[in-house]
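Structure first, then comments.
Note that this is a predicted model, so its numbers are computed, not measured. Keep in mind that the numbers below use all heavy atoms, side chains included, and drop hydrogens, waters and symmetry copies.
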Amino acid sequence: MPELPEVETVRASLEPKLVGRRFEEVEIHDSRLTRPVDPAEVAAELEGERVSAVDRRGKYLIVRFESGLVLLIHLRMTGNLVHSRNGAQAQAHLRAVVKLDDGSDVIYRDVRRFGTWLVLAADEVDTYLAARLGLEPLERTFSARNLGERLVGRRVSIKAALLDQRILAGVGNIYADEALWRARIDPRRPAGELDRGELGKLHRGIRRALEAGIARQGATLRDYRTPEGAAGTMQNEFKVYGRGSEPCLRCGTPIAKTRIAGRGTWFCPGCQR
DNA sequence: CTTTTTCCCTGGACGC
DNA sequence: TGCGTCCAGGGAAAAA
């Protein structure tokens, strides 16, 4: 499930391969990918465009073109971008292929078809993203203080708040659990009740968890791969996610599993308070 | 306004 | 072996 570290890994890998390249030919095989826009229309818009930058905001990949046009890609659950220099062989769940002007291809696969490709004009992008995304956790401007400001008065659990992209952008189910373990905070605590010290620990925990994920090229549980086709290794470093009944690495208490905001949630009932 | 629930989608795991 | 059921979860939309 691509979260910020996985999307950032994809971004960093694709950036040097795409910047300066032209989209020669674009094939989109799944109408769900561009819904409600006709995929043929999106393909036609993208053909001939030359890439000027590959950015990221939250879990969105932002492909900017010299013309000002922007392609926003969201991988959702199982979306996967691979760069290939030897053609796009017939592959299961192939949803789109972009042929670049250096002869290489960008191949998009997505088992569950939740991913989206959206084309916007340059002046529409900020508005679109600002309506959906809050603080960017790895930006310098992200602080314990402005995290706290976003949580004031919130009665939802801190886990649910971390998953709310309008509060904090890029953290998903895995890294939310990992960040809360690092911060020693119980995921069920009401978000608005964290004190100043806890906010500081949470701020640090979020950054540490995300940075660890990026350093390991993300976590591969099933579908996620880097654009080189490699698996990430962050799944080997999980402190709590998926470790139900195994001993806490800090205090030895068996890790508990519960359900918060409809998502599987793992935490240590011994040292997360 | 905030919060909760439902839905989308496929395939792997599991029980019988 | 086969079939039904549950689970995985990001985010949009509807409901409360």
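Note on A/Asp186 versus A/Arg188: salt bridge recorded, some NZ/NE/NH1/NH2 to OD/OE distance being below 4.0 Å. Taking a cutoff of 4.0 Å between a charged side-chain nitrogen and a carboxylate oxygen, A/Glu198 and A/Lys201 do not qualify as a salt bridge. Taking 4.0 Å as the cut-off between side-chain N and carboxylate O, A/Asp110 and A/Arg76 do not count as a salt-bridged pair. The existence of a salt bridge linking A/Glu136 and A/Arg56 is confirmed by a sub-4.0 Å separation between a basic side-chain nitrogen and an acidic carboxylate oxygen.
Looking at heavy-atom distances under 4.0 Å, A/Tyr241 makes contact with sugar-phosphate atoms alone, never a base. A/Gly264 comes within 4.0 angstrom of the backbone, heavy atoms only, and of no base.
Side-chain to base pairing of A/Arg113 with B/dC9: no donor and acceptor N or O lie closer than 3.5 Å to each other.
To the nearest angstrom, C1' of B/dC9 lies 12 Å from CG of A/Asp223. Atom CD of A/Gln235 and atom P of C/dA8 are 18 Å apart (whole Å). Distance CG (A/Leu221) to P (B/dG12): 15 Å, rounded to an integer number of Å. Going from atom CD1 of A/Ile158 over to atom C1' of B/dT3 covers 15 Å, rounded to whole Å. Rounded to whole Å, atom P of B/dT5 lies 16 Å from atom CG of A/Asp164. A/His93 places its NE2 atom 7 Å from the C1' atom of B/dT10, with the value rounded to the nearest Å.
Taking only side-chain nitrogens and oxygens, A/Arg150 never comes nearer than 4.0 Å to OP1 or OP2 of B/dT2. Contact between the side-chain N/O atoms of A/Lys257 and the OP1/OP2 oxygens of C/dA8 is found at a separation under 4.0 Å.
Mapping A/Arg222 and A/Ala160 onto DNA chain B by nearest heavy atom places A/Ala160 at the nucleotide closer to the 5' end.
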Per-nucleotide protein contact string for nucleotides 10-16 of chain C, where B marks a base within reach and S marks sugar-phosphate only (heavy atoms under 4.0 Å, - for neither): BBS----
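In terms of heavy atoms, A/Asn80 sits closest to A/Arg225 at ND2-O, 3.4 Å.
By the ring-ring contact (aromatic ring centres under 6.0 Å, His included) test, A/Trp117 pairs with A/Tyr108, sequence neighbours left out.
Using a distance-only test at 3.5 Å, with no hydrogens or angles considered, a donor-acceptor pair links the side chain of A/Glu124 to the main chain of A/Ala121.
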